Amino acid sequence: MAADLQTGSETKAPSGNYQLMDEQLENMRRDRRNIDKDLLYRSQFEPAWRHNIDKWNLVAPPGLQGTPNYVVPVSRMATHTGIVSMRQNLPDIVPVPEGRDEKKLSYLLKEASAHVHRMTNMEAVMDMGMVDYAVLGNTVLESYVKVPFKTKRITILNEKGEKTGKFKKVQVRDWSKPKIGTRARSPWECAFDCNARTPAEVKRAFFQDRMSKAEFDEQYTNKPGNDYINLEHVHEGSVITFNKDGALDRISVDHDRIIIDHVQNELDDAYRIYANGVLIWDVPLSLIHAHGRCTVTLIPNHHKYDKNGKTHALYGSGDPELLADLDDLINASTNLFIHNYKLKNAYVVGVEGGNGLNVEDIDFESGRPVNGRITVQSLGAADLPEWQNFKTQLETWAVQTVKKNYMRLEGEVAKTAYEASQKKDAENVGMQYQIKKMEAGGLLEYARKHVSDIMEHLTVEEWADVVDQTPDYRDWE
């Protein structure tokens with residue numbers, strides 16, 4: 001027994017009847033419920049994400065009435081200092097051999113990991129990931145497995161072997177990209193198991209891709225040997241969803257892109273893909289990835305609690321969120337000082353006594369005789385030392401909050417060698433803590449999936465590249 005697609009008169013009709021078996025229909029309903037619950041849980045963190053993005057993009061906060069509203073980029077400076085400090089090197093995957101017999105394998109896996117990272121431009125991946133980690137408070141790394149293909153046009157020849165001016169398109173293997181790789185995904189396009197207490201306990205994950213119909217055809221429809229289903233029912237401008245009666249319905253949407261929903265569930269060993277709501281793939285997760293884990297790994301930054309104040313939050317906090325009040329205070333006090341400084345340097349002139357003196361004619365030439373008494377008065381007062389002391393205290397608190405000294409200048413000289421050592425040690429301790437937290441919080445989980453995918457899916461041709469690039473083999477012994 002199958003569920004038929006119901007179509008309305010105002011929506012685009014599908015090609016043929018889109019049908020799902022009872023089990024597929026129930027899986028789709030369960031996936032939709034899980035996604036809704038996970039997105040609802042994520043929604044409590046989204047206001048902070050938007051606030052952090054505004055701080056990173058230097059969007060001016062609401063200013064005091066009657067004062068200027070210049071941006072002092074405190075959050076941007078502190079956050080960027082942390083990114084630069086943590087991005088000095090790429091993460092190395094170093095498998096630890098259990099015995100002498102596995103030393104060669106460990107060495108090869110390390111080199112294979114470095115090769116895959118080079119092929120996937122890990123520099124750019126970590127740049128994006130570190131910005132999300134510092135700004136939004138969360139990095140998402142995906143270890144994917146996908147044979148890359150690209151479209152190639154071939155000239156059509158006539159019976160005499162002459163060019164006809166026509167072409168045909170074929171899909172060929174793209175050897176410039178590896179079969180397995182790593183990409184950084186935005187936390188905005190992902191949702192994780194709302195029942196998990198920590199990222200290591202995540203049992204289901206959802207992430208999304210958006211592409212044009214041409215890209216969809218290249219990656220899915222025209223892919224050689226693809227085992228996708230229902231591709232003929234995927235249309236631009238319409239999606240499949242459940243109506244209020246619980247039946248499948250096709251509705252129109254105001255975009256012409258294809259939305260790809262990836263749903264992974266370790267408890268069901270399931271990996272399903274929906275294109276504009278159409279089920280196009282349903283396979284065991286362990287069939288594609290022997291580790292049987294969700295391919296996306298969440299790595300949170302600063303710890304926070306859920307709104308109930310009782311449970312640890314799955315998602316982390318970014319630097320701008322920790323600096324929110326201090327950032328606003330520094331911006332407000334700076335703009336207030338600028339306003340007062342402007343008033344201090346604005347004067348009014350008064351004239352007492354004298355005959356026929358017009359204040360508007362006074363050009364204040366030095367030594368000019370004036371028939372009367374002139375008084376000059378400033379409109380405001382600006383206490384520079386007091387403001388500097390207040391701002392310095394706020395910046396000190398900001399540095400202590402995020403453990404990133406964005407005020408330290410290159411070549412800064414301390415009064416004593418001991419003072420310089422203490423400052424450097426304090427900075428190093430803060431950054432080392434963040435790096436260790438990042439490793440324990442998700443990088444090790446990503447590394448396990450990454451190594452498992454290398455052992456299972458790296459092609460013979462890519463292993464040959466690894467061996468060619470591997471230095472002295474005597475190091476194996």
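None of these values were measured; they are calculated from a predicted model. The analysis underlying the following values was restricted to heavy atoms, covering all of them including side chains, and did not include hydrogens, waters or symmetry mates.
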Which residues share a side chain to side chain donor-acceptor pair (under 3.5 Å) with Asp327, sequence neighbours left out: Lys55, Ser75, Asn331
Please list, chain by chain and in numerical order, all residues satisfying side-chain contact (heavy atoms from CB on, under 4.5 Å) with Met130, sequence neighbours excluded. Ile83, Met86, Arg87, Met126, Tyr133, Met438
Regarding Thr295 and Lys449, do their side chains bring together a donor and an acceptor under 3.5 Å, going by distance alone? no
Residue set satisfying side chain to side chain donor-acceptor pair (under 3.5 Å) with Arg183, at least two apart, ordered chain then number -> Glu142
Where at least one partner belongs to residues 174-219, residue pairs that pass ring pair (Phe, Tyr, Trp, His ring centres under 6.0 Å), sequence neighbours excluded: Trp49-Trp188, Phe207-His262, Phe216-Tyr220
Listed partners of Thr151 passing side chain to side chain donor-acceptor pair (under 3.5 Å), at least two apart: Gln171, Glu218
Before giving the answer on salt bridge (Lys or Arg N to Asp or Glu O under 4.0 Å), spell out for Asp54 and Arg50 the whole-Å C-alpha distance, their side-chain angles and the decisive distance to 0.1 Å. CA-CA 6 Å; Asp54 285 345; Arg50 293 189 181 94; over 6 Å; no
Decide whether His303 and Ser317 meet the rule of one side-chain donor and one side-chain acceptor closer than 3.5 Å. no
Is a salt bridge present between Arg204 and Glu266, judged by a nitrogen-to-oxygen distance below 4.0 Å? no
Option passing side-chain contact (heavy atoms from CB on, under 4.5 Å) with Arg272 (candidates Asn27, Leu285, Val283, Ile280): Asn27
State plainly whether the residues Arg42 and Asp38 are in salt-bridge range, i.e. N to O under 4.0 Å. no
Residues passing the side-chain contact (heavy atoms from CB on, under 4.5 Å) test with Ala447, sequence neighbours excluded, are Ile93
Could you check whether Glu23 pairs with Arg30 (Lys NZ or Arg NE/NH1/NH2 to Asp/Glu carboxylate O, under 4.0 Å)? no
In a check of side-chain hydrogen bond (donor to acceptor under 3.5 Å, both in side chains) between Arg185 and each of Thr139, Thr297, Asp209, which one passes? Asp209
Should the pair Asp306-Lys310 be classified as a salt bridge under the 4.0 Å nitrogen-to-oxygen rule? no
For the pair Lys436 and Glu439, find out whether any cationic side-chain nitrogen is under 4.0 Å from an anionic carboxylate oxygen. no
